[in-house]
Participant: 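I am attaching a structure below and will ask some questions about it afterwards.
Note on naming: letters A, B, ... go to the chains in the order of the sequence lines (proteins, then strands), and numbering restarts at 1 for each one. No hydrogens, no waters, no symmetry mates; every other heavy atom, side chains included, goes into these values.
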Amino acid sequence: MFEVLAIISTWSIPVAIAGILTTGLWKKVPIYETFIDGAKDGFDTAISIIPHLVGMLVAVEIFRDSGALGTLIGIISPLLVFFHIPAEVVPLALLRPISGAGSTAVMTHIFTQYGPDSFLGKLASIMQGSTDTTLYVLTVYFGSVGIRQYRHALAVGLMSDVVGIITSVTIAHALFG
Amino acid sequence: MVNYIWGGMILLGLFMSAVNGSLDKINQSIFNGAKTGVTISFTMISFLVLWMGLMKIAEDAGLLAAFAKLMKPVVRFLFPEVPPNHPALGYILSNMSANLLGLGNAATPMGLKAMKELQEINANKKVASRSMITFLVLNTSGLTFIPTTIIGYRIAAGSNNPVEIVGATLLATITSTSVAIFLDRIFHRFSRSGEGR
């Protein structure tokens, strides 16, 4: 099982790239020119996330360095112990449904503090990668067509975030613990 | 809500550091946070430029459309009330394909088109239909095969093995998405609203 996961991890991206390029050539797509065309969007996307990252990282640094984060974690720690969630990833778990950029900032902070290859770094990556920003998605998607009543969408979204976070912790312990 | 969280973190932090007399340290934290934000964004340019370029090739070569076709049985199961061959299904599939590849930014435009199509066949324009809820639940539970953005951040942070987490993420996302689909069905069954079910 673990070997299979390791193989998927190593092979997925090279296979994806090879597959995309081969299909492009097969379908006579001018692959290099198309690549350049699409790649320009990547630059714009990276630039557009700067305000989000700066804003959230400043807030996270203030919140952490002031000792406010430690106080908050202390209050909810019994719950965390119950689910074996390390205190360091709690801000990530709390922010994930609310702000994608905010939780990304927390993940980045864990990377700089403990390293991306540490247990905490890997756990943060899994948590971040296996869930999405529920509130943002609901607001943008429903907002775009004028839906006012979300019915059970928010409840199911938040419940699946909780499941995703607990599952991430369990899997991280099993694979990297 | 994000406004309160963001403001709350800053104001609570400033208040606490004023109380325990660590404001000089906080001044340093503010500038460190801002600098880190810019540094990370610039490091990520390399990865985003590469992947967005490749995705454009995939789109023009018809790979996204082919992947969508492959997934058709799954979508028939998930969205039983959308008529077969309705354009909504095509957009839903494109959005899911982009999400499966971990391309949040590429997925959003297709997702918005899917919502527009679903709204066309929605009986009550103010209330979310069953298909809309299922579609958004799938999006929020973050079903992903390759978490490309996360890998990008791991590269930016200097990881020795940035793709190491792919398998574990896949396992976690399959679990949480399955639970989300299950919960969606349960809630739908016990839902009282008659419109757009």
Side-chain angles (χ1 to χ4, degrees), chain A residues 5 8-9 12 20 23-24 27 29 31 34-35 37-39 41-43 45-46 49-50 53-54 57-59 61-63 65-68 98-99 108 111 116-117 122 125-126 128-132 134 137 141 144-145 147-153 156-157 159-160 163-164 167-168 171 175, chain B residues 2 5-6 9-10 12-13 16-17 26 29-30 32-34 36-37 40-41 44-45 48-49 52-54 56-58 60-61 63 105 112 115 119 126-128 133 136-137 139-142 146-147 150 154 157 159-160 163-169 171-173 175-176 179-180 183-184 187:
Chain A
L5 290 177
I8 292 173
S9 301
S12 52
I20 288 169
T23 318
K27 299 275 174 167
V29 173
I31 55 171
T34 309
F35 173 81
D37 198 27
D41 290 340
F43 187 81
T45 308
I49 62 170
I50 293 181
L53 273 174
V54 169
L57 280 172
V58 168
E61 297 260 324
I62 293 172
F63 193 64
D65 289 353
S66 65
I98 299 154
S99 162
T108 310
F111 285 174
D117 299 322
K122 287 178 206 163
S125 308
I126 298 166
Q128 185 74 3
S130 63
T131 51
D132 209 329
T134 301
V137 171
Y141 280 31
S144 73
V145 291
I147 295 288
R148 300 280 170 79
Q149 291 180 44
Y150 293 8
R151 293 173 62 208
H152 58 269
V156 174
M159 282 156 94
S160 77
V163 172
T167 313
S168 303
I171 291 169
L175 289 179
Chain B
V2 67
I5 303 275
W6 190 67
M9 279 184 5
I10 294 179
L12 208 71
M16 276 200 72
S17 84
I26 288 302
S29 309
I30 292 167
N32 278 344
T36 315
I40 294 159
S41 304
M44 276 198 65
I45 290 176
L48 281 173
V49 165
M52 296 261 182
L54 288 168
K56 181 80 177 152
I57 299 174
D60 284 11
L63 258 177
N105 294 318
L112 294 179
M115 280 302 282
Q119 179 73 314
K126 298 251 186 253
V127 183
I133 296 173
L136 286 205
V137 162
N139 265 279
T140 60
S141 66
I146 310 170
I150 307 298
R154 289 176 61 81
S159 168
N160 292 321
V163 295
E164 196 183 0
I165 47 84
V166 172
T169 305
L171 205 60
T173 198
T175 309
S176 66
V179 171
L183 288 172
D184 178 45
F187 270 83

Participant: Compute whether any side-chain donor of one residue and acceptor of the other, for B/S159 and A/D117, lie under 3.5 angstrom apart.
Facilitator: yes

Participant: Of the non-hydrogen atoms in A/F35 and B/L54, which two are nearest, and what is the gap between them?
Facilitator: CD1-N, 3.6 Å

Participant: With rounding to the nearest 0.5 angstrom, report the CG to OG1 distance, B/L171 to A/T167.
Facilitator: 9.0 Å

Participant: Considering only heavy atoms and a distance below 4.5 Å, find which of A/A59, A/A153, A/G164, A/A68 pairs most often with chain B.
Facilitator: A/A59

Participant: Can you say whether A/T108 sits under 4.5 Å from chain B via the side chain, the backbone, both, or neither, judging by heavy atoms?
Facilitator: side chain

Participant: Heavy atoms only, distances under 4.5 angstrom: which of B/T169, B/T173, B/V49 has the most pairs with chain A? Name it, please.
Facilitator: B/V49

Participant: What's the shortest heavy-atom distance between A/G157 and B/T140, and which atoms?
Facilitator: CA-OG1, 3.8 Å

Participant: Considering only heavy atoms, which portion of A/S144 lies under 4.5 Å from any heavy atom of chain B: side chain, backbone, both, or neither?
Facilitator: side chain

Participant: Can you see which heavy atom on A/I171 is nearest to which on B/A168, and at what distance?
Facilitator: CG2-CB, 3.8 Å

Participant: For each of A/S168, A/P116, A/G67, A/S160, tally heavy-atom pairs with chain B at distances under 4.5 Å, and name the one with the top tally.
Facilitator: A/P116

Participant: Which heavy atom of A/I126 sits nearest to which heavy atom of B/A172, and what is that distance?
Facilitator: CG2-CB, 4.0 Å

Participant: Keeping the roles fixed (side chain from A/D65, backbone from B/S29), state whether a donor-acceptor pair exists under 3.5 Å.
Facilitator: no

Participant: Considering all heavy atoms of both residues, which atom of A/S125 and which atom of B/R154 are nearest to each other, and what is their separation?
Facilitator: OG-NH1, 2.8 Å

Participant: Determine whether B/S17 and A/I62 make a side-chain contact, defined as any pair of heavy atoms from C-beta on separated by less than 4.5 Å.
Facilitator: no

Participant: Within this structure, what is the CG-CZ distance for the pair B/D184 and A/R151, rounded to the nearest 0.5 Å?
Facilitator: 9.5 Å

Participant: Heavy-atom distance under 4.5 Å between the side chains of A/I147 and B/Q119, does that happen here?
Facilitator: yes

Participant: At what distance, to the nearest 0.5 angstrom, does NE2 of A/H152 lie from CG of B/L183?
Facilitator: 9.5 Å

Participant: What's the spacing between A/D37 CG and B/I57 CD1 if we round to 0.5 Å?
Facilitator: 10.5 Å

Participant: Give me the atom names and distance for the closest heavy-atom approach of A/S130 to B/S176.
Facilitator: O-OG, 3.7 Å

